[in-house]
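In what follows, a structure is listed as structure tokens, so that the remarks can point back to it.
In this text the structure is predicted, and so the values were computed from the model without any measurement. A, B, ... follow the sequence lines: proteins, then strands. Residue 1 opens every chain.
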There are 2 protein chains.
Amino acid sequence: MTPRLDLRCADCGIRHRAVCARCDETELARLEEVKFYRRYEAGQKIVWAGDDLSFVASVVSGIATMAQTLEDGRVQMVGLLLPSDFIGRPGRTVTPYDITAASDVTLCCFRRAPFERLLVDMPHVAGRLLEMTLDELDAAREWMLVLGRKTARERIASLLVSVARREASFDLAPRSHDIRLDLPLTREAMSEYLGLTIETVSRQISRLGREGTIMLDGKRRIVIPDLDRLRAETGDEAVAV
Amino acid sequence: MTPRLDLRCADCGIRHRAVCARCDETELARLEEVKFYRRYEAGQKIVWAGDDLSFVASVVSGIATMAQTLEDGRVQMVGLLLPSDFIGRPGRTVTPYDITAASDVTLCCFRRAPFERLLVDMPHVAGRLLEMTLDELDAAREWMLVLGRKTARERIASLLVSVARREASFDLAPRSHDIRLDLPLTREAMSEYLGLTIETVSRQISRLGREGTIMLDGKRRIVIPDLDRLRAETGDEAVAV
DNA sequence: CGCACCGTTGATGCTGTTCAAGTCTTGTGG
DNA sequence: CCACAAGACTTGAACAGCATCAACGGTGCG
């Protein structure tokens, strides 16, 4: 399951979605020369807010979280980093967010200087990075709506739907029925993402379970029998009559 | 005050901040050929969510808002567009947000096809656009913290500080004392931005005024006698003892 | 075993919403 | 010039949703 650390780009699971998506064979060869892998265990900090980040990276496998903390301890997650997502920002060395491995994580890293040279030489990479950044911006804005206007129940539903959607986009087979989510997020991580407390998250998940909109299989595994029914709980669409 | 509609790039107020910031004289000449201006009056819709946007543009003057609406009427603003900000996204024609002129607004527009050719030919423009998008992403994430974790009072303070900061970066003169904000936002617009109701916005502004942290000069003009004191209300820093 | 961590559930209280009434300002028409 | 209406804003009272505080159950591990 976990990728070998000497993976060749051509065999890489995120080959067609990450920042390198548009590169041809020759370009990949050049990436191959400068990339290196890093592994983090679940729970490990990848970067501390304010620290220098000497590299940029793509998430190859696992899930990481990006969060901001106020000095009195309040925490808000600002991004969920799934495979193919990019970490770091060209032209700036400090990251303003804590990045933490939520599960075991493998990163494909590039030292900063070589990467910035790549950006100049290979417009494919710069173009793809722009596209990915614009996607992230859209995602952040959608999440602003969740945080600013949705109820606790709608927030939970929105999270589950967005993870399910993203997960589904990885599978080619359009699964006709049950969607099984194995989300490696503690209640605490969810609450940090949703702008709620863990108690509220727990209550709303229990309630969705009791009502049959989702099915709980242990603490972390969730089965969605009817995605449309769950989607109706997100608040995004007027309820069908 | 309002710019002439036949403005030359060299004389443009956003010349050094907008997407064209890094262009040299020759490159500006090329932009000059394809750009055109549009004006919108306060209150006018610039784009409706879901509509095709046939151009991309920079805000030259005025303030516009970007908002998302749920079908039951809940609204969340996802961006405040100030002079030099960019509207539209290369590679996609529909905008997922309503964009509205909050004051009279002038845009410097480019038809989509020529602009996308520019992006390929002029890496300066693509690079600057990436940089601006990354800045927007940071701003969106900072706002997620506001929406997810801050109290009503902290949200108001955060809004005022961020507008003051942005305003200040336009003036060269580092104003030694009173900051005067002339923010052309109704209470409703503020509430949409802050994820609150207009009543709560009104109450908190009154309260900050009563306490002397800000001074109200009519409905829309706000004077900040001590920026640090206001900043202490944003929740961002531990309160100094 | 005993501890730590994660999650659930209940009781209570606070912050911000909702509903409602009223003020101030601005613009319009007689 | 005044009467009137409409929109922006303010203020008050009651309510609701989520947070807070607290107790407890399950699971994995030294």
Margin query: Please report the distance, rounded to the nearest Å, between CZ in A/Arg220 and C1' in C/dG7.
Written below: 10 Å
Note to self: What contact category does B/Gly209 fall into here, base, sugar-phosphate, or nothing, at under 4.0 angstrom with non-hydrogen atoms?
What the structure shows: nothing
Check: Salt bridge or not for B/Asp182 and B/Arg180, using N-O below 4.0 Å?
Finding: no
Notebook entry, point to check: So which nucleotide from D/dT11, C/dG7, C/dG16 ends up closest to the side chain of B/Ala152?
Noted result: C/dG16
Item checked: Under-4.0 Å side-chain N/O to phosphate OP1/OP2 contact, B/Thr197 with C/dT17 -> yes
Next item on the list: Starting from P on C/dT8, measure out to CG on A/Leu216 and report it in whole angstrom.
Entry: 8 Å
Check: Does a side-chain N-to-carboxylate-O contact under 4.0 Å join B/Arg89 and A/Asp135?
Finding: yes
Next item on the list: Would you mind reading off the distance between B/Arg149 atom CZ and D/dC18 atom P, rounded to a whole angstrom?
Entry: 13 Å
Check: With a non-hydrogen cut-off below 4.0 angstrom, is A/Gly218 in contact with a base, only sugar-phosphate, or nothing?
Finding: nothing
Margin query: Over all strands shown, is A/Leu196 touching base, sugar-phosphate only, or nothing at heavy-atom distances under 4.0 angstrom?
Written below: sugar-phosphate
Margin query: When you measure from the side-chain N and O atoms of B/Thr200 to the phosphate of C/dT15, is any distance below 4.0 Å, counting only OP1 and OP2?
Written below: no
Margin query: In whole Å, I'd like the distance from the CZ atom of B/Arg207 to the P atom of C/dT15.
Written below: 9 Å
Next item on the list: Please state how far atom CD in B/Glu192 lies from atom P in D/dA8, giving the value in whole angstrom units.
Entry: 12 Å
Check: Once you round it to whole Å, what is the distance between P of D/dC18 and CG of B/Leu147?
Finding: 16 Å
Margin query: Within a 6.0 Å radius of atom CD on B/Glu211, are there more than 12 heavy atoms belonging to other residues, nucleotides or ligands?
Written below: yes
Note to self: Name the residue from A/Arg231, A/Arg155, A/Arg149, A/Lys150 that meets the salt bridge (Lys or Arg N to Asp or Glu O under 4.0 Å) definition with A/Asp236.
What the structure shows: A/Lys150
Checklist line | Nearest-Å distance for atom pair NZ/P, residues A/Lys219 and D/dG28 | finding: 11 Å
Note to self: If I take atom CD1 from residue A/Ile205 and atom CG from residue A/Leu160, how far apart are they, to the nearest 0.5 angstrom?
What the structure shows: 6.5 Å
Next item on the list: Provide, to the nearest angstrom, the distance between the CD atom belonging to B/Glu199 and the P atom belonging to C/dG22.
Entry: 16 Å
Checklist line | C/dG16 OP1/OP2 closer than 4.0 Å to side-chain N/O of B/Arg203 | finding: no
